[in-house]
*Asks:* 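Can you read through this structure? Questions will come right after.
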Amino acid sequence: MHHTWRWFGPRDPVSVDEMLQAGVRGVVSALHHVPTGEVWSLDEIKKRQAEIAMMSDGSPSGLGWDVVESLPVSEAIKTQSGAWRDHTQNWITSMRHLREAGIEVICYNFMPVLDWTRTDLAWRRPNGARCMRFDLADFAAFDIHILARPGAAEDFPEPVRDEAARRFAQMSEDRKRALAANVVCGLPGAAETLSMEDVRDLLSSYAPVNDQVLRRNFHAFLEQVAPVAQDIGVRLCCHPDDPPFGLLGLPRIMSTEADYAERMGSVDLPANGITLCSGSLGARGDNDLPGMMRRMGSRVHFLHLRNVRRDKDTVPCSFFEDEHLGGQTDMVALVAEIVAEEARRARTGREDAQIPMRPDHGQDILDDIGRSGGQPGYPAIGRLKGLAELRGVEAALTRQLS
Ligand code: DNO
């Protein structure tokens with residue numbers, strides 16, 4: 001695996017020096033400051049590359065910008081409304097600029113409105129570590145009682161509804177505010193603090209977009225972008241839904257192996273690939289991660305290795321982000337499948353034999369706790385620990401093979 005690290009740019013409290021010391025070989029980044037739908041200029045791309053290439057004392061880091069995460073797909077494209085045609089052309093132009101700058105792997109997602117969502121961003125584990133958690137009853141309390149979305153109650157089984165009502169009745173105003181802020185953290189515009197009215201407006205823009213329409217719009221997008229990617233040597237990799245089940249009445253179309261197979265088949269080109277995110281997909285007990293890697297490995301262009309523990313095996317369910325070798329995905333089995341896929345690629349002379357991987361998320365441990373200004377889930381030490389564990393597994397498995 002090619003070991004990478006997500007860096008949010010110069011404002012990220014985790015520096016280039018620190019990721020280098022954590023042992024990474026490459027960087028995953030994005031131009032978060034460019035509004036969604038606009039073109040990423042070659043100048044801005046090169047500026048980020050220069051930032052990545054330099055340590056804080058000005059010496060070379062030896063690191064490059066290897067993967068884009070994410071080149072965002074606008075809501076207009078997903079709903080085929082407003083300026084969606086211009087946005088698609090701009091997305092293609094950005095992709096061409098990235099390729100011109102030497103970047104070949106582009107991660108994106110096609111999740112309506114919600115990129116990711118959790119109810120707790122710093123949930124305490126018994127050993128004092130903090131992690132992110134999705135609690136279904138808390139989410140239902142938000143959806144039914146705080147957001148007051150019409151029809152929300154029907155979307156949850158009765159015991160969850162009852163539990164949500166009981167919890168909501170006992171919630172302080174502070175807890176209600178915190179819960180709402182946590183849930184909307186992964187929404188576009190969350191940084192500017194969305195009101196519940198804003199969230200309802202965002203959701204209502206999806207009223208005409210059901211599951212089938214979203215699948216059609218995704219297909220139309222892929223038909224435009226994938227042949228260009230194939231032609232210029234870019235590998236596109238779609239990130240799964242996080243969590244991988246329907247929420248807030250929105251359609252979800254990248255949650256299972258069948259979804260992935262359908263999307264890849266719809267434009268059957270190697271450039272139309274996937275991001276295998278074991279954490280997102282692992283929130284469904286029916287997603288077999290090692291099996292997915294075995295069956296779809298040739299189209300996996302990017303790996304997010306992370307682990308979750310589900311409270312129950314229902315879909316949807318509550319879960320928390322466990323340690324990288326904890327949780328319910330058999331990480332050793334998954335890494336073994338990755339190592340096998342890389343060996344297959346090497347045998348057939350594929351230039352992308354090494355798949356970029358990043359330790360996805362990490363628990364807040366040691367000095368991570370209380371370090372402010374970071375993105376939830378992206379602490380320095382928690383991720384370093386995850387990376388170290390994953391590298392250890394990989395090293396042991398590769399030694400066995402040779
Ligand atoms: C959260 C991430 C997602 C991911 C995008 C990829 O931590 O996994 O925000 O970057 O969904 O498009």
Side-chain angles (χ1 to χ4, degrees), residues 30-41 68-98 106-117 143 147-152 155 183-229 236-255 259-260 262-267 272 275:
L31 301 181
H32 299 280
H33 55 283
V34 179
T36 300
E38 288 184 14
V39 170
W40 288 14
S41 72
V68 169
E69 181 181 353
S70 296
L71 183 56
V73 177
S74 69
E75 300 304 322
I77 294 178
K78 293 176 216 161
T79 54
Q80 284 203 357
S81 61
W84 69 278
R85 286 192 180 82
D86 289 343
H87 287 185
T88 307
Q89 286 317 309
N90 290 350
W91 205 92
I92 292 172
T93 306
S94 301
M95 175 167 74
R96 288 185 184 279
H97 288 167
L98 288 161
I106 300 179
C107 170
Y108 68 99
N109 72 67
F110 219 83
M111 288 179 243
V113 185
L114 280 178
D115 182 327
W116 55 275
T117 192
D143 195 7
L147 181 63
R149 181 175 63 87
D155 286 354
V183 169
V184 304
C185 200
L187 264 64
E192 296 90 54
T193 326
L194 293 166
S195 70
M196 290 302 107
E197 192 59 42
D198 298 333
V199 177
R200 280 191 292 266
D201 282 351
L202 272 170
L203 295 178
S204 66
S205 65
Y206 272 85
V209 184
N210 60 20
D211 187 277
Q212 216 186 345
V213 172
L214 191 65
R215 282 172 204 269
R216 198 191 62 207
N217 296 353
F218 196 175
H219 176 70
F221 174 73
L222 282 174
E223 275 193 316
Q224 295 277 303
V225 302
V228 182
L236 300 175
C237 36
C238 186
H239 190 281
D241 301 323
D242 181 8
F245 35 75
L247 294 172
L248 301 178
L250 294 165
R252 293 289 236 185
I253 59 170
M254 282 302 270
S255 296
D259 287 340
Y260 267 122
E262 189 182 301
R263 281 308 82 60
M264 283 189 291
S266 84
V267 178
N272 175 24
T275 300

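These numbers come from a predicted model, not from an experiment.
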*Asks:* Any idea which heavy atoms bring Ser205 and Val209 closest together, and the distance?
*Replies:*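 Nearest pair, atom of Ser205 first, then Val209: O-CG2, 4.5 Å.
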*Asks:* How far does NE2 of His87 sit from CD of Gln80, to the nearest 0.5 angstrom?
*Replies:*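 It comes to 13.5 Å.
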*Asks:* Would you please name every residue forming a side chain to side chain donor-acceptor pair (under 3.5 Å) with His97, sequence neighbours left out?
*Replies:*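 Expected list: none.
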*Asks:* Just how far is it from atom CG of Leu222 to atom CG of Asn272, taken to the nearest 0.5 Å?
*Replies:*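 So the gap between those two atoms works out to 4.5 Å.
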*Asks:* Quick one: does Leu147's side chain get under 4.5 Å of Leu248's, heavy atoms only?
*Replies:*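 Yes; the side chains approach each other to less than 4.5 Å.
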*Asks:* Quick one: list whatever passes side chain to side chain donor-acceptor pair (under 3.5 Å) with Thr93, sequence neighbours left out.
*Replies:*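 By the side chain to side chain donor-acceptor pair (under 3.5 Å) rule, Thr93 matches no residue at all.
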*Asks:* Whether the side chain of Tyr260 engages the backbone of Cys238 through a donor-acceptor N/O pair (distance < 3.5 Å, no angle test) should be reported.
*Replies:*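 Side chain of Tyr260 to backbone of Cys238, a donor-acceptor pair under 3.5 Å: yes, one is there.
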*Asks:* If you take all heavy atoms of Asp242 and His239, which pair is closest and at what distance?
*Replies:*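 For Asp242 versus His239, the nearest heavy atoms are CB-CE1, 4.5 Å.
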*Asks:* Can a side-chain donor-acceptor contact be found between Ser204 and Asp201 if the only test is distance below 3.5 angstrom?
*Replies:*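 Ser204 and Asp201 do not have a side-chain donor-acceptor pair below 3.5 Å.
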*Asks:* At what distance, to the nearest 0.5 angstrom, does CZ of Arg216 lie from OG of Ser266?
*Replies:*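 Answer for the CZ-OG pair, Arg216 versus Ser266, is 13.5 Å.
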*Asks:* Distance from Trp91 atom CH2 to Phe221 atom CZ, nearest 0.5 Å?
*Replies:*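 Reported to 0.5 Å precision, the distance equals 4.0 Å.
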*Asks:* If a pair satisfies salt bridge (charged side-chain N to carboxylate O under 4.0 Å, His left out) and one of its residues is in residues 78-88, list it, with sequence neighbours excluded.
*Replies:*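 For residues 78-88: Glu75-Lys78.
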*Asks:* For Thr275 and Glu69, what are the C-alpha separation, side-chain angles and deciding distance, and is it a side chain to side chain contact (heavy atoms under 4.5 Å, CB included)?
*Replies:* CA-CA 10 Å; Thr275 300; Glu69 181 181 353; over 6 Å; no
*Asks:* Considering non-hydrogen atoms only, spot the tightest contact between Leu203 and Arg149 and give its length.
*Replies:*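 Closest approach of Leu203 to Arg149: CD1-CD, 3.8 Å.
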*Asks:* Taking the side chain as C-beta and beyond, is there a heavy-atom pair between Phe218 and Leu214 under 4.5 Å?
*Replies:*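 Phe218 vs Leu214: side chains apart.
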*Asks:* Could you tell me the separation between the CG atom of Leu31 and the CG atom of Leu71, rounded to the nearest 0.5 Å?
*Replies:*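 Rounded to the nearest 0.5 Å, the CG-CG separation comes out at 9.0 Å.
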*Asks:* I need the minimum non-hydrogen distance between Pro112 and Pro251, along with the two atoms involved.
*Replies:*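 The answer is CG-O, 3.1 Å.
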*Asks:* Check for a donor-acceptor pair, side chain of Asn90 on one end and backbone N or O of Gly37 on the other, with a separation under 3.5 Å.
*Replies:*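 Yes.
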*Asks:* Looking at Val183 and Thr117, what are the two nearest heavy atoms and their distance?
*Replies:*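 Heavy-atom minimum between the residues: O-OG1, 2.8 Å.
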*Asks:* Grab the two heavy atoms, one from Ala76 and one from Ala83, that are nearest each other, plus how far apart they are.
*Replies:*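 Minimum heavy-atom separation between Ala76 and Ala83: CB-N, 4.4 Å.
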*Asks:* Nearest 0.5 angstrom please: Ile253 CD1 to Arg215 CZ, how far?
*Replies:*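 Ile253 atom CD1 to Arg215 atom CZ measures 5.5 Å (nearest 0.5 Å).
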*Asks:* Counting distance only, does the side-chain N/O of Thr36 pair as donor-acceptor with the main-chain N or O of Ser74 below 3.5 Å?
*Replies:*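 No.
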*Asks:* May I ask you to test the Trp84-Asn217 pair for a side-chain heavy-atom distance under 4.5 Å?
*Replies:*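 Side chain of Trp84 against side chain of Asn217, heavy atoms only: no contact under 4.5 Å found.
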*Asks:* Does Arg252 use its side chain to pair, donor to acceptor, with the backbone of Phe245 at less than 3.5 Å?
*Replies:*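 Flag set: sc Arg252 to bb Phe245 pair under 3.5 Å.
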